[in-house]
Amino acid sequence: MAASASAMVVTSRAELLSLFRSLLRTASKFSDFNIREYARRRTIDGFRENRHLSDPASVAAAFADGNSQLDIARRQVLVYSLYAPNVKSVMEIKYK
């Protein structure tokens, strides 16, 4: 009963946009260009794939997955910052 009640919670558009912005913000914190761009592309592609979800249960499941991905990305930003190289990528020099 509790699992079905939590699945019935409707995720608002504002919550979804907040998750999207948080994922993009977290992606921008990666020090390595390739990882930063991969996380950014993965976020955008994930939201595009789930754009047409209409079932509240599937929207809630996708939202929960997005939140878990956000937690993972935040931990990875910390780990990558500890072992980041001091040399910039050629792509970073080109873009700046």
Side-chain angles (χ1 to χ4, degrees):
M1 178 84 179
S4 64
S6 66
M8 295 307 291
V9 174
V10 178
T11 306
S12 71
R13 178 176 168 84
E15 290 174 319
L16 292 171
L17 289 174
S18 175
L19 176 63
F20 181 71
R21 286 190 304 267
S22 295
L23 283 164
L24 288 178
R25 247 184 263 115
T26 302
S28 70
K29 293 179 183 176
F30 280 103
S31 58
D32 184 79
F33 175 82
N34 291 324
I35 298 168
R36 185 171 53 243
E37 289 300 308
Y38 170 76
R40 186 180 149 289
R41 279 193 318 269
R42 177 79 173 88
T43 297
I44 293 169
D45 291 345
F47 272 80
R48 281 186 184 152
E49 286 175 14
N50 294 319
R51 178 187 333 183
H52 301 294
L53 292 179
S54 58
D55 179 36
S58 59
V59 171
F63 184 73
D65 183 49
N67 275 323
S68 67
Q69 293 296 321
L70 178 60
D71 291 339
I72 292 169
R74 286 179 175 159
R75 285 193 302 268
Q76 287 303 110
V77 165
L78 178 65
V79 171
Y80 276 95
S81 70
L82 295 174
Y83 301 103
N86 292 333
V87 180
K88 290 194 180 256
S89 167
V90 173
M91 295 304 289
E92 288 178 309
I93 295 169
K94 178 181 174 183
Y95 282 126
K96 292 187 178 192

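For the numbers below, each heavy atom of this structure counts, side chains included, while hydrogens, waters and symmetry mates do not.
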Going by atom type alone, with no hydrogens or angles, which donor-acceptor pairs under 3.5 Å involve a side-chain atom of residues 69-84 and a protein atom two or more places apart or on another chain?
{"residue": "Ser81", "atom": "OG", "partner": "Val77", "partner atom": "O", "Å": "3.4"}
{"residue": "Ser81", "atom": "OG", "partner": "Leu78", "partner atom": "O", "Å": "2.7"}

**Q.** Those residues that, when tested against Phe20, pass ring-ring contact (aromatic ring centres under 6.0 Å, His included) (two or more places apart)
**A.** Phe47

Q.
I'd like to check the salt bridge (Lys or Arg N to Asp or Glu O under 4.0 Å) partners of Arg40; sequence neighbours left out, ordered by chain and number.
A. Glu37

Q | Separation of Ser22 OG from Asn67 CG (nearest 0.5 Å) | A | 8.5 Å

**Q.** Heavy-atom pair with the smallest gap, counting every atom of Ser58 and Asp55
**A.** OG-O, 2.9 Å

Q.
Would you say Ile44 ends up clustered with Leu23 if hydrophobic residues are merged whenever their side chains have heavy atoms under 4.5 Å apart, either directly or through other cluster members?
A. yes

Q. Looking only at heavy atoms, what is the nearest atom pair of Asn50 and Ala62, with distance?
A. ND2-CB, 4.1 Å

Q) Is there a donor-acceptor pair closer than 3.5 Å between any side-chain N or O of Thr43 and the backbone N or O of Ala39? A) yes

